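A short write-up of the structure that comes next.
All values derive from a computational prediction rather than experimental measurement. Just so we're on the same page: letters track the sequence lines, and every chain starts at 1.
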Amino acid sequence: MDYILSLLLIAIGAALINNFVLKYFVGICPFIGVSRRVDMAFGMGCAVTFVISIAAMLSWTFTNFILQPSAPLTKWIAGFFMSPEAAANIDLSILNYIVYIFVIASSVQLVEMYVRKFSPGMYKSFGVYLPLITTNCAILFACLEIMKHVSTGGGSGDWGSAGGGQSWGLAQALTLAVFGGIGFTIAIVIMAGIREELDHCDIPAPLRGAGITLIVAGILALAFMGFTGVDTKLKRKIAPERETTITASSHGSETHATSATGGSGQ
Amino acid sequence: MAKDGPTPLERFINGILPENPVYRQLLGMCPTLAVTGNMKAAMTMSGAVLFVLFCANIITSLIRHLLKPHLRILVFTLTIATFVTIADRFLAAYMYEMSKELGPYIPLIIVNCVIICRCEVCASKQGVIAAGADAIGQSIGFALALASIASVREILGEGSWFAMRVMPEAWPAWAIMILPPGAFITLGLLLGGANWFGMSRSAKTAA
C-alpha cells in the first residue's frame with residue numbers, strides 16, 4: 001500500500017504539482033517554439049514522453065549498477081584488478097553527466113529514425129525541433145532527479161515525501177519520467193490551444209510571438225500553483241495513520257492554503 | 001550569420017547587444033527563468049556559463065577540422081559536459097551553499113542552447129581568437145540579460161538587491177515575483193520592452 005501510494009504521489013507531483021515546464025522551467029525552448037498548433041504540440045509531447053522514459057530507464061540502470069559509489073558491476077569488474085577494499089571505494093559519479101548526455105543523444109537518434117520511417121509527415125512538421133529534443137532540458141532534468149534519488153537515498157525533493165528516505169527503484173524512476181513527460185504534454189497542449197485563440201487577438205506589436213507566450217505561461221503557472229497541496233490532502237485521505245510522520249517530513253508544506261484557488265485557470 | 005566574416009572584435013561586440021542571446025536569439029531560457037530569483041544566484045550562473053562557454057568554444061575551435069558533420073552535435077555536448085562537470089565540482093567545493101541553491105541548473109548548462117549554438121555558429125568555423133572573443137561577448141550579453149531580470153525580480157519580490165536592502169521597510173514584498181509565475185511574466189514584459197525599444201529605434205533611423 002505504501003509502495004503504491006509513493007508511486008501515486010510521485011506521479012501526481014511530476015505531472016501536475018511540480019510541472020516540469022511551469023515549476024522548474026525545463027523544456028522552455030520547445031514550449032515556446034512548437035506550441036503554435038495543438039496537433040503538433042501533442043506530437044511533440046508524445047515524442048518527449050517517449051524519449052524521457054527510455055532515457056530514464058537507461059540512466060537509472062547505469063546509475064544503479066555502474067556509476068554510484070560502490071555500484072555492483074563496477075565493484076565486480078574492478079575486483080579483478082585490485083584488492084576488494086579498493087574496489088569497493090571506486091566512485092564513478094564524476095562521469096554522471098557525460099553518461100547521461102550520451103544516453104539521451106542515442107535515444108533521440110532512435111526516435112528520429114523511427115519517426116522518419118513510420119510517419120514522414122510528422123517528421124517534416126517537426127523540422128529542427130526533433131533533433132533538438134537532445135538539448136531539451138526536461139530529459140536531462142529527469143535523469144538528474146533520478147540520479148539524486150538513487151545515489152543519495154532521496155531525502156529532500158518535491159516528489160511526495162512518501163518516496164523520500166529510501167533510494168528509488170526502477171518503478172519510481174519510470175513513474176517520474178513518464179508522468180513528467182505527460183505533464184510536459186499537458187502544459188504544451190494547453191499552451192497551443194491558447195495560442196490558437198491568440199491568433200485572433202490584437203496584441204501590441206512588441207509583445208507578439210515570444211513575449212505574449214511568456215506572459216500567458218506566467219498566468220498558466222499561476223493556475224498550476226493551485227495544485228499545490230493536493231498531494232498532502234491525498235496522503236491524508238489514503239493513509240491517515242501516517243499523517244504525523246508525513247507532515248513532519250513534508251518539504252513544501254506552506255501549501256494547503258492555496259489548494260482551492262486554482263485548477264480552473266485554463 | 002556570417003560564414004567566415006566577423007573579426008574577433010565584431011564577434012565580441014555582437015554578443016553583448018545586437019545578438020544578445022536572451023533578448024535577441026531567445027536561447028538559454030531555462031536558466032534565465034530559473035536562477036533569476038536573486039542577483040547572487042544569477043551572477044554565479046553567469047560565471048559558470050562564461051567558464052563553460054569559453055572553454056568549449058576554444059576546444060571546439062581547435063578540433064574544428066577533425067569534426068564529422070553528422071557527429072558534431074554529439075562532440076559538442078560531450079565537450080560541454082566535461083567542462084560542466086568541472087564547474088559543478090568546483091562550485092560544490094568552494095561555494096557549497098550556492099551550489100545547493102542552484103541545484104540541477106548547473107548540470108543543465110550542458111543542454112543550454114546558447115553554448116551549443118555558439119559552438120555550431122562560430123567556434124566550428126573560425127579560429128581560436130575569434131571563438132574566444134565570441135564566447136566572452138556572448139557571456140557578457142547573457143550576464144546582462146540575467147542581471148536585468150534578476151534585478152526586477154529581487155527588488156520587487158524581496159525589496160533588496162544583492163541581498164542589500166534598497167526598498168523602504170514598508171515595501172510589501174511581492175512574493176509572486178520570486179515564484180515561477182513572476183519569472184515568466186517578468187521575462188515576457190522585458191522582452192516586449194526590448195522589442196519596443198528596437199522597433200522605435202529602427203523607425204527613427206528609417207525616418
Side-chain angles (χ1 to χ4, degrees), chain A residues 18-19 21-29 31-33 93-102 104-106 108-109 131-132 134-145 147-148 156-157 203-225, chain B residues 23 26-36 70-71 73-74 76-89 100 103-117 175-176 179-200:
Chain A
N18 300 307
N19 190 291
V21 178
L22 299 170
K23 170 90 187 278
Y24 289 112
F25 312 109
V26 290
I28 295 286
C29 303
F31 184 65
I32 294 173
S93 55
I94 193 119
L95 293 176
N96 273 348
Y97 304 155
I98 296 179
V99 170
Y100 291 160
I101 204 73
F102 208 85
I104 293 170
S106 356
V108 170
Q109 201 69 45
L132 274 185
T134 313
T135 55
N136 187 329
C137 331
I139 295 164
L140 185 61
F141 179 77
C143 291
L144 290 168
E145 284 296 318
M147 170 202 85
K148 208 165 78 191
S156 72
I203 303 160
L207 282 178
R208 256 172 226 160
I212 194 72
T213 312
L214 283 165
I215 293 173
V216 170
I219 297 166
L220 208 56
L222 211 56
F224 266 71
M225 273 175 71
Chain B
Y23 287 123
L26 293 180
L27 292 174
M29 296 304 236
C30 315
T32 310
L33 290 164
V35 303
T36 48
H70 55 284
L71 280 178
I73 299 285
L74 191 61
F76 295 161
T77 36
L78 289 180
T79 317
I80 296 165
T82 314
F83 289 111
V84 168
T85 309
I86 297 173
D88 183 55
R89 295 291 92 200
K100 261 213 140 131
Y105 296 106
I106 290 288
L108 282 178
I109 297 178
I110 301 174
V111 287
N112 191 328
C113 335
V114 176
I115 300 176
I116 298 178
C117 171
I176 199 72
L179 292 173
F184 283 113
I185 293 173
T186 311
L187 181 58
L189 291 177
L190 283 177
L191 202 62
N195 281 344
W196 177 75
F197 184 68
M199 277 176 183
S200 62

Q: Answer yes or no: is there a side-chain heavy-atom contact under 4.5 Å between B:W196 and A:L207?
A: no
Q | Segment of A:I98 engaging chain B (4.5 angstrom heavy-atom cut-off) | A | both
Q: Examine whether an atom of B:L33 lies under 4.5 Å from a heavy atom of chain A, and if so say whether it belongs to the side chain, the backbone or both; otherwise answer neither.
A: both
Q: Heavy-atom distances under 4.5 Å only: say whether B:L190 touches chain A with side chain, backbone, both or neither.
A: neither
Q.
So which atom in B:A34 and which in A:Y24 form the shortest heavy-atom distance, rounded to 0.1 Å?
A. CB-O, 4.4 Å
Q. Relative to chain A, which of B:L191, B:I185, B:T85 shows the most heavy atom pairs under 4.5 Å?
A. B:T85
Q | Minimum heavy-atom distance A:I101-B:A81, with the two atoms named | A | CG2-CB, 4.3 Å
**Q.** Contacting moiety of B:D88, where chain A heavy atoms sit under 4.5 Å
**A.** side chain
Q. Between B:I176 and chain A, which part of the residue has a heavy atom less than 4.5 Å away: side chain, backbone, both or neither?
A. side chain
Q. Could you state the interatomic distance from CG (B:L108) to CD1 (A:I139), rounded to the nearest 0.5 Å?
A. 11.5 Å
Q. What's the shortest heavy-atom distance between A:A205 and B:M199, and which atoms?
A. O-CE, 3.8 Å
Q: Sort B:Y105 into side chain, backbone, both or neither according to what part of it lies under 4.5 angstrom from a heavy atom of chain A.
A: side chain
(Q) Quick check for you: to the nearest 0.5 Å, what is the distance between A:C137 atom SG and B:N112 atom CG? (A) 7.5 Å
(Q) Quick test of your reading: applying salt bridge (charged side-chain N to carboxylate O under 4.0 Å, His left out), list the pairs with at least one residue in residues 188-199 of chain B, sequence neighbours left out, ordered by first then second residue. (A) none
Q: Looking only at non-hydrogen atoms, find the nearest pair between A:G218 and B:P181 and report the distance.
A: O-CB, 3.5 Å
Q. What part of B:L187 is in contact with chain A, defined as an atom under 4.5 angstrom from a non-hydrogen atom: side chain, backbone, both or neither?
A. both
Q | Beyond-backbone contact of A:V26 with B:V111, side-chain heavy atoms, under 4.5 angstrom | A | no
Q: Answer whether the closest heavy-atom distance between the side chains of B:L74 and A:Q109 falls below 4.5 Å.
A: no
**Q.** Any side-chain heavy-atom pair of B:F184 and A:I28 under 4.5 Å
**A.** yes
Q) B:A194 versus chain A, heavy atoms under 4.5 Å apart: side chain, backbone, both or neither? A) neither
